[in-house]
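Okay, structure first, notes after.
Atoms within each ligand, like the ligands themselves, are counted from 1 in listed order. Quick note: numbers below take in every heavy atom, side chains included, and nothing from hydrogens, waters or symmetry partners.
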Amino acid sequence: MWCLMTDANNIVFLNGQYMPLSEAKISPMDRGFLFGDGIYEVVPSYNTKLVGFALHIQRLKDGLDAIGIKLYMGLNEWREIAQNLMDKNGGGNLGLYFHVSRGADNKRSHAFPEHIQATVFAYAFGIEAVPLINKQNVKQFRVTSTEDLRWKRCNIKSTSLLGNVMHFQESRNKGVQETLLFNQSNELTEASACNVFMVKNGVVITPALDHQLLPGITRCMLLDILRKEGSLQVQERVVNMTEVRDADEVWLTSSSKEIVPVVELDGQPVGNGTVGDIWQFAQLLYSANKYNY
Ligand code: PDD
């Protein structure tokens with residue numbers, strides 16, 4: 001179910017208070033605005049059931065630690081905000097966006113100010129219902145590829161997303177849905193807003209975690225679910241461009257999309273150009289287990 005939310009009936013959280021989006025205001029001196037100095041999360045919920053909540057909040061805390069923002073909010077406080085946003089915005093299928101910036105100072109200085117309070121913002125937006133696990137009806141992605149031109153701290157879920165935004169827009173300009181990113185050694189990192197998996201001869205392969213990619217929660221859950229089920233071999237390792245071009249299947253993963261099959265890369269079919277059987281198996285398994293996280 002899509003939720004029709006206007007600014008006036010979308011109730012958001014800002015610095016301890018709930019209010020309509022149209023009334024939420026922050027200072028233009030906020031470092032999130034001036035420097036992209038902040039961390040964010042997107043958590044999916046389906047009929048008020050959250051997916052991977054504790055994992056998302058742990059990643060948020062890791063990000064805040066990595067950039068030195070001190071915020072004393074525990075899992076339960078975040079959970080209360082999530083519950084309130086779902087309740088106040090009518091439940092249904094909602095993505096919950098959490099954003100913490102370093103806060104606003106009265107002057108612009110690159111150095112971290114000592115005595116400012118972090119800005120905490122959260123809001124809910126409608127997401128698509130649980131995807132149909134059906135090879136014929138599933139939304140299939142066509143993608144292009146390019147050199148990854150972002151920074152070298154892509155493991156931090158920073159609100160400084162211009163590099164990602166520019167890569168994403170490249171795909172829009174080409175009439176496709178995403179851009180796969182390769183480093184200077186032609187190794188796969190991720191996509192502009194998703195992690196990437198490939199399948200070859202029944203083996204599920206994804207780049208190992210390092211500073212070049214986000215430790216995606218969907219990626220982490222999917223790997224765990226596949227390993228526990230045990231019938232497919234799973235590898236986290238370096239994945240080079242030739243392998244991706246020769247893959248039987250390519251998938252994208254993200255919280256709001258779950259597992260998306262890619263059928264075309266740079267104008268060439270992926271595998272036989274149709275949605276693969278292993279995608280179907282993986283998405284079924286993911287759907288059956290995602291509320292356990
Ligand atoms: N994007 N890599 C990047 C660069 C991302 O922006 C995302 C998520 C992922 C997947 O992470 P996860 O499985 O934890 O959602 C990988 C979110 C949804 C966004 O920016 O809206």
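- Remark: the backbone N or O of Pro20 is not paired with any side-chain donor or acceptor of Asn10 at under 3.5 angstrom.
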Review item, side-chain donor-acceptor pairs of residues 54-74, under 3.5 Å, at least two apart:
| unit_1 | atom_1 | unit_2 | atom_2 | d |
| --- | --- | --- | --- | --- |
| His56 | ND1 | Glu41 | OE1 | 2.7 |
| His56 | ND1 | Val42 | O | 3.4 |
| His56 | NE2 | Ser255 | OG | 3.4 |
| Gln58 | NE2 | Asp62 | OD1 | 3.0 |
| Arg59 | NE | Glu41 | OE2 | 2.7 |
| Arg59 | NH1 | Pro215 | O | 3.0 |
| Arg59 | NH2 | Glu41 | OE1 | 2.8 |
| Arg59 | NH2 | Glu41 | OE2 | 3.4 |

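- Not counting sequence neighbours, the partners of Phe121 by the ring pair (Phe, Tyr, Trp, His ring centres under 6.0 Å) test are Tyr123.
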Using a 3.5 Å cut-off on N/O to N/O, what pairs does ligand 1 make with the protein? A line per pair would be great.
| unit_1 | atom_1 | unit_2 | atom_2 | d |
| --- | --- | --- | --- | --- |
| ligand 1 | 1 (N) | Ala193 | O | 3.3 |
| ligand 1 | 2 (N) | Glu190 | OE1 | 2.6 |
| ligand 1 | 13 (O) | Ile217 | N | 3.3 |
| ligand 1 | 13 (O) | Thr218 | N | 3.0 |
| ligand 1 | 13 (O) | Thr218 | OG1 | 2.6 |
| ligand 1 | 14 (O) | Arg59 | NH1 | 2.9 |
| ligand 1 | 14 (O) | Arg59 | NH2 | 3.0 |
| ligand 1 | 14 (O) | Ile217 | N | 2.8 |
| ligand 1 | 15 (O) | Ser255 | N | 2.9 |
| ligand 1 | 15 (O) | Ser255 | OG | 2.7 |
| ligand 1 | 20 (O) | Tyr40 | OH | 2.7 |

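- Legend: ring-ring contact (aromatic ring centres under 6.0 Å, His included) pairs involving residues 7-33, not counting sequence neighbours, sorted by first then second residue: Phe13-Tyr18.
- Phe141 and Trp279 fall into different hydrophobic clusters, where Ile, Leu, Val, Met, Phe, Trp and Tyr residues are linked whenever their side-chain heavy atoms come under 4.5 Å apart, directly or through other members.
- Clustering ILVMFWY residues whenever any of their side-chain heavy atoms sit less than 4.5 angstrom apart, transitively, puts Ile278 in the very cluster that holds Leu285.
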